[in-house]
Asks: 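Sharing a structure, written as C-alpha cells. Questions coming.
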Amino acid sequence: MSRRSSYGMESTVSPLQTTPLPNRVTCPNFVTAPNVIVMVGLPARGKTYIAKKMARYLNWIGISTKVFNVGDYRRNIPGADYTSNFFNPRNKDGNIIRTQCAEAALKDMLDWLERGGNVGVFDATNTTRDRRRMILDSINKLQYKIFFVESVCEDPEIIEENVKEVKVTSPDYKNMDKEEAIKDFLLRIQHYQTSYEPLSENFDRQLSFIKIFNQGERFLVNKINGHIQSRVVYFLMNFDVSKRTIYLLRVSQKEGQSDRSQRAMASGCRVLGSWGGVVWHQAVLSCPGVLGWSCCVDPCTVH
C-alpha cells in the first residue's frame with residue numbers, strides 16, 4: 001500500500017502496521033499527547049531492529065505505534081545510486097535527496113499522528129545536531145512529546161556481524177557481490193562518522209533520551225517525560241538483542257504411569273514421567289547456560 005508524498009515520492013506503508021487508528025480519548029491514562037520517538041546512531045547499530053521491536057511492544061500494550069523509515073522513502077526514488085558515494089557529506093545532490101526524504105517521512109508521520117496515532121517512530125541515522133534540531137522544531141510547534149533513542153556500538157565484532165547478516169542483504173545491494181557490498185557499506189559508515197554528533201549529557205541535557213551502549217551493556221537515561229517514555233525505557237532495558245537458540249524438546253512416558261499421570265493424559269496433558277525427566281535434565285545439562293522450562297500437571301516450573 002503506498003501513497004504520493006508532497007515531494008512526489010511514493011511513501012510505503014508496512015503491511016504489519018495497517019491496524020485502524022484508535023481514538024486517543026479512549027485511553028487518556030496512557031496518551032495525553034502524541035509522542036515521537038527519534039532513532040539516532042551510525043549505520044549497522046541495530047536502530048531499525050530496535051524501532052520495529054519497540055513498535056510491536058507498544059502496539060501490543062494498546063498504544064497505536066507506527067515506524068517511518070527514511071531509507072524506505074529513499075529507495076522509492078527510481079534510478080538512484082545508493083553506493084557509499086551517495087552518503088558522502090561532500091555529495092551535494094545526495095545531501096539534497098536525503099534531506100527531502102527525511103522531510104517527507106517526517107511530514108507523513110506528523111499527519112498520521114494528527115489523524116489519531118499515539119506514537120510515531122522516526123527511523124533514520126539523525127547523526128547531526130542540525131538534523132535533530134529540524135525534527136525538534138517541527139514537533140515542538142505541535143506540542144508533541146519527543147524522545148530520542150541512540151544506539152552506540154563500539155564493538156567491532158557486533159558491527160561486523162550486523163553488516164554481514166543484515167546490511168548486505170538490503171535492497172541497496174540487491175545486484176552487488178557480497179564482499180563488495182561489505183566494503184561499500186563500511187565506507188558508508190565512515191562517511192557518517194565524519195559528521196557524527198552523539199547525544200551529549202551536557203549539550204543535550206534539556207532533551208529526553210536514552211543511550212544504549214553495545215546492545216545493552218549499559219544505558220544512559222536522561223529526563224524521562226511521561227508514561228510512554230517510561231514504558232519505552234523499561235522495554236529497552238529488558239530487551240535482549242543478542243543471538244540465541246531456542247530448543248523445543250517434547251518427551252512423555254506412556255507405560256507405568258501413575259493414576260495422576262493417566263488423569264493428566266486424559267485431559268490432554270502429557271507429563272514428563274521418570275524417563276522423560278531424565279532426558280530433559282540431560283538435555284539441559286548438556287547445554288551450559290541454557291534456561292530450561294518444563295510443563296507438568298503442576299504449574300510450569302523452571303530448571
Side-chain angles (χ1 to χ4, degrees), residues 12 14 16 37-56 67-77 79-91 93-95 97-99 101-102 105 121-128 131-132 148-199 209-220 235-236 239-246:
T12 303
S14 170
L16 296 177
I37 299 175
V38 180
M39 305 303 298
V40 179
L42 293 169
R45 268 57 179 181
K47 297 183 301 300
T48 296
Y49 183 76
I50 294 172
K52 290 180 178 179
K53 292 297 183 181
M54 274 194 306
R56 178 173 294 184
V67 178
F68 293 81
N69 181 277
V70 175
D72 290 341
Y73 286 73
R74 171 176 55 78
R75 296 183 190 98
N76 283 330
I77 302 176
D81 178 17
Y82 297 127
T83 55
S84 59
N85 184 60
F86 177 82
F87 301 91
N88 190 329
R90 298 178 182 178
N91 185 336
D93 292 337
N95 286 334
I97 293 175
R98 286 190 289 136
T99 299
C101 291
V121 183
F122 190 72
D123 182 21
T125 54
N126 301 313
T127 48
T128 65
R131 172 60 59 82
R132 297 195 291 269
F148 292 90
V149 176
E150 182 174 18
S151 179
V152 180
C153 185
E154 300 171 349
D155 188 328
E157 293 184 1
I158 296 177
I159 298 172
E160 182 180 2
E161 182 179 0
N162 194 10
V163 171
K164 288 182 178 180
E165 294 193 4
V166 180
K167 296 304 180 180
V168 297
T169 59
S170 76
D172 291 346
Y173 298 108
K174 184 177 181 180
N175 300 315
M176 186 180 291
D177 175 75
K178 183 176 180 179
E179 294 301 320
E180 288 297 319
I182 292 174
K183 292 180 182 178
D184 187 82
F185 195 85
L186 292 176
L187 285 175
R188 182 192 297 192
I189 295 175
Q190 291 178 15
H191 287 320
Y192 274 102
Q193 286 175 324
T194 60
S195 58
Y196 181 30
E197 297 172 305
L199 290 167
F209 66 82
I210 180 173
K211 290 172 72 84
I212 308 168
F213 296 89
N214 291 330
Q215 294 188 346
E217 283 187 0
R218 65 187 181 93
F219 302 85
L220 174 63
F235 172 76
L236 293 175
F239 174 50
D240 185 4
V241 299
S242 61
K243 292 180 63 177
R244 57 198 180 277
T245 303
I246 299 175

Asks: R75: which residues meet the salt bridge (charged side-chain N to carboxylate O under 4.0 Å, His left out) condition with it, sequence neighbours left out?
Replies: D72, D172
Asks: Assess whether side chain to side chain contact (heavy atoms under 4.5 Å, CB included) is satisfied between N162 and I158, documenting all intermediate values.
Replies: CA-CA 6 Å; N162 194 10; I158 296 177; 5.5 Å; no
Asks: Rounded to the nearest 0.5 Å, what separates atom OG1 in T128 from atom OH in Y192?
Replies: 10.0 Å
Asks: CG of N175 to CD of E180: how many Å apart, nearest 0.5 Å?
Replies: 14.0 Å
Asks: Test of understanding: with ring pair (Phe, Tyr, Trp, His ring centres under 6.0 Å), list the residues that count as partners of F86, not counting sequence neighbours.
Replies: Y82
Asks: Starting at CG of D123, measure out to NZ of K47 and round the result to the nearest 0.5 Å.
Replies: 7.0 Å
Asks: Using the ring pair (Phe, Tyr, Trp, His ring centres under 6.0 Å) criterion, which residues pair with F235? Sequence neighbours excluded.
Replies: Y57, F239
Asks: Can you tell me how far CG of L199 sits from CG of N126, rounded to the nearest 0.5 angstrom?
Replies: 9.5 Å
Asks: What's the shortest heavy-atom distance between G41 and Y196, and which atoms?
Replies: CA-OH, 4.3 Å
Asks: Can you list the residues that meet the side-chain hydrogen bond (donor to acceptor under 3.5 Å, both in side chains) rule with D184, with sequence neighbours excluded?
Replies: S84, Y173
Asks: For E160, check side chain to side chain contact (heavy atoms under 4.5 Å, CB included) against everything at least two apart and list the hits.
Replies: K164
Asks: Can you list the residues that meet the side chain to side chain contact (heavy atoms under 4.5 Å, CB included) rule with E157, with sequence neighbours excluded?
Replies: D155
Asks: Apply salt bridge (charged side-chain N to carboxylate O under 4.0 Å, His left out) to E197 and list each qualifying residue two or more places apart in sequence or on a separate chain.
Replies: R129
Asks: Nearest 0.5 angstrom please: N69 CG to M39 CE, how far?
Replies: 10.5 Å
Asks: Let me see the working for L187 and F87 under side chain to side chain contact (heavy atoms under 4.5 Å, CB included), right down to the final yes or no.
Replies: CA-CA 9 Å; L187 285 175; F87 301 91; over 6 Å; no
Asks: OG1/T127 to CZ/R132 distance, rounded to the nearest 0.5 angstrom?
Replies: 7.5 Å
Asks: Might you work through the side chain to side chain contact (heavy atoms under 4.5 Å, CB included) test for T99 and R131, ending with a clear yes or no?
Replies: CA-CA 9 Å; T99 299; R131 172 60 59 82; 3.7 Å; yes
Asks: Of all residues at least two apart in sequence or in a different chain, which pass the side-chain hydrogen bond (donor to acceptor under 3.5 Å, both in side chains) check with R98?
Replies: N95
Asks: Partners of E217 by side chain to side chain contact (heavy atoms under 4.5 Å, CB included), sequence neighbours excluded?
Replies: N214
Asks: Compare all side-chain heavy atoms of P198 with those of V152 and state whether any distance is below 4.5 angstrom.
Replies: no
Asks: For T83, check side-chain hydrogen bond (donor to acceptor under 3.5 Å, both in side chains) against everything at least two apart and list the hits.
Replies: D81
Asks: Is any side-chain heavy atom of I159 less than 4.5 Å from a side-chain heavy atom of L42?
Replies: no
Asks: Taking only residues two or more places apart in sequence, or in another chain, which ones meet A105 in a side chain to side chain contact (heavy atoms under 4.5 Å, CB included)?
Replies: V70, Y73, F122
